[in-house]
Amino acid sequence: MKANLGYLERNKNECMFEVENETVTRVIVVGETRHLVRLNVNEQNQMFVRFVNGFKTSKLDGAKVTAYIREWFDLNRDLTPFYEMANTDPLLKGPVQNFYGLRVIGVPDLFEALCWGILGQQINLAFAYTLKKQFVEKYGDSIEWSGRKYWIFPSYEQIAQLTPDDLAEIKMTRRKSEFIIGIAQLMASGELSKEKLLGLGSLKEAEKSLIKIRGIGPWTANYVLMRCLRFTSAFPIDDVGLHNSIKQVTAAERKPSKEELMAFSGKWDPWQAYATFYLWRVNY
DNA sequence: GACCAGGGGTGCC
DNA sequence: GGCACCCATGGT
């Protein structure tokens, strides 16, 4: 679990949770109820969840929060086959040793995952975090505890009612504003949902369905398939961070070609998402 | 002040 | 379907 906390801690501008002294604090929403929880790991590498005082919960909600956390950290997945493959792969061997235990940390909420994907398009990661923070702090809700605020991602119902002019104030490009509002409207109408995408049954069908949506291309679709819908074979092949990591690990002079990336994808199948996540960790 | 950033839409062929 | 061009702004 230490490797997972290390991932969460990597960016100081993350606004959806706080990591301090190897303890993660965040709000988890189940149904209508908001729970402020703290997670940490003991010497035996077991994770503990604690409901913060003042936010007590029923047994049923407790089970739902546990399920959320298991999904967030992908704890129901057996990684044995991935490690067997990765240990014999020249690119993955190093990263899986350095970050052993790391899982694809998810973004369980579909709207949040799509927004994060769109915000991250063609800008550096630092600025993407800044944009997300401004977006969340302007349109999201928060719980205050011990003098700090813990944020809840803006709801698609609320964002669906905005105009691009509203979002211009937070330095979001007009195009991105249109994309995010359009997606919020699709979700508010019920046309787009996590359940519907998962109901399509396969990665390819879910990908096709996502790419039809304005603002979602192959990269964003696969990013969301990987981090929200949890297809382990999703592969954001156009990802610049992935290209940089591969270039670094192979000590190559240039970034990998499309053909080389396709060859890696074939070797890593059906664990492309895990391969990508470990390779990202090399640089980020 | 270039150059790049966890891309995507649009128009043209 | 493949390609050039545009978007737009902050980090380095």
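Owing to the predicted nature of the structure, the values given are computational and were not obtained by experimental measurement. Proteins get letters first, then strands, A, B, ... in listed order; numbering begins at 1 in each.
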(request) Measure from the ring center of A/Y150 to the ring center of A/F17 and say whether it is less than 6.0 Å. (result)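 Judged by ring-centre distance (under 6.0 Å), A/Y150 and A/F17 do not meet the cut-off.
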(request) Run the ring-centre check on A/Y274 versus A/F235 and record whether the distance is less than 6.0 Å. (result)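 Ring centroids of A/Y274 and A/F235 are no less than 6.0 Å from each other.
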Taking atom [atom2] of [N] as reference, at what distance in whole Å does atom [atom1] of [X] sit?
X      : N      : atom1 : atom2 : answer
A/K176 : C/dG10 : NZ    : C1'   : 11 Å
A/I118 : B/dG8  : CD1   : P     : 9 Å
A/Y129 : C/dG11 : OH    : C1'   : 15 Å
A/L131 : B/dG7  : CG    : P     : 14 Å
A/N13  : B/dA5  : CG    : P     : 19 Å
A/K171 : C/dG11 : NZ    : C1'   : 13 Å
A/F127 : C/dG10 : CZ    : C1'   : 5 Å
A/K133 : C/dT9  : NZ    : P     : 21 Å

Is the distance from OP1 or OP2 of [N] to the nearest side-chain N or O of [X] less than 4.0 Å?
X      : N      : result
A/K212 : B/dG8  : no
A/N244 : B/dA5  : yes
A/T130 : C/dG10 : no

(request) Could you please name the option among B/dA5, B/dG8, B/dG9 that lies closest to any side-chain atom of A/R214? (result)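 Nearest to the side-chain atoms of A/R214, counting from C-beta on, is B/dG9.
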(message) Please list all pairs meeting side-chain hydrogen bond (donor to acceptor under 3.5 Å, both in side chains) that have one or both residues in residues 114-128 of chain A, counting only residues at least two apart or in different chains.
(response)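 Listed once each, the pairs are A/W116-A/Y223, A/Q121-A/T220.
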(request) Could you run through nucleotides 2-8 of chain C and give me one letter per nucleotide, 5' to 3': B if any protein heavy atom sits under 4.0 Å from the base, S if only the sugar-phosphate is that close, - if neither? (result) -----SS
(message) So, using side chain to side chain donor-acceptor pair (under 3.5 Å) as the criterion, who are the partners of A/E169 when residues are at least two apart?
(response)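 For A/E169 the side chain to side chain donor-acceptor pair (under 3.5 Å) partners, ignoring immediate neighbours, are A/K138.
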(request) Quick one: list whatever passes side chain to side chain donor-acceptor pair (under 3.5 Å) with A/Q97, sequence neighbours left out. (result)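 Per chain and number, A/Q97 pairs via side chain to side chain donor-acceptor pair (under 3.5 Å) with no residue.
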Sugar-phosphate only, base, or nothing, as touched by [X] at under 4.0 Å among non-hydrogen atoms:
X      : result
A/R281 : nothing
A/P218 : sugar-phosphate
A/I216 : sugar-phosphate

Quick one: side chains of residues 193-203 of chain A, donor-acceptor pairs under 3.5 Å with protein atoms, not counting sequence neighbours, listed by atom name and distance.
{"from": "A/S193", "atom 1": "OG", "to": "A/K196", "atom 2": "N", "distance (Å)": "3.0"}
{"from": "A/K194", "atom 1": "NZ", "to": "A/E71", "atom 2": "OE2", "distance (Å)": "2.7"}
{"from": "A/K194", "atom 1": "NZ", "to": "A/P108", "atom 2": "O", "distance (Å)": "2.6"}
{"from": "A/K196", "atom 1": "NZ", "to": "A/G190", "atom 2": "O", "distance (Å)": "3.3"}
{"from": "A/S202", "atom 1": "OG", "to": "A/E205", "atom 2": "N", "distance (Å)": "3.2"}

(request) Nearest-nucleotide wise, let me know which of A/K255 and A/I211 is further upstream toward the 5' end of DNA chain B. (result)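 Nearest nucleotide further toward 5': that of A/K255.
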(request) Would you mind telling me which residue lines up with the more 5' stretch of DNA chain B, A/F179 or A/N124, judged by nearest nucleotide? (result)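 Final value for this comparison: A/N124.
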(message) Run the ring-ring contact (aromatic ring centres under 6.0 Å, His included) test against A/Y7 and tell me which residues pass, sequence neighbours left out.
(response)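 Listed in chain order: A/F277.
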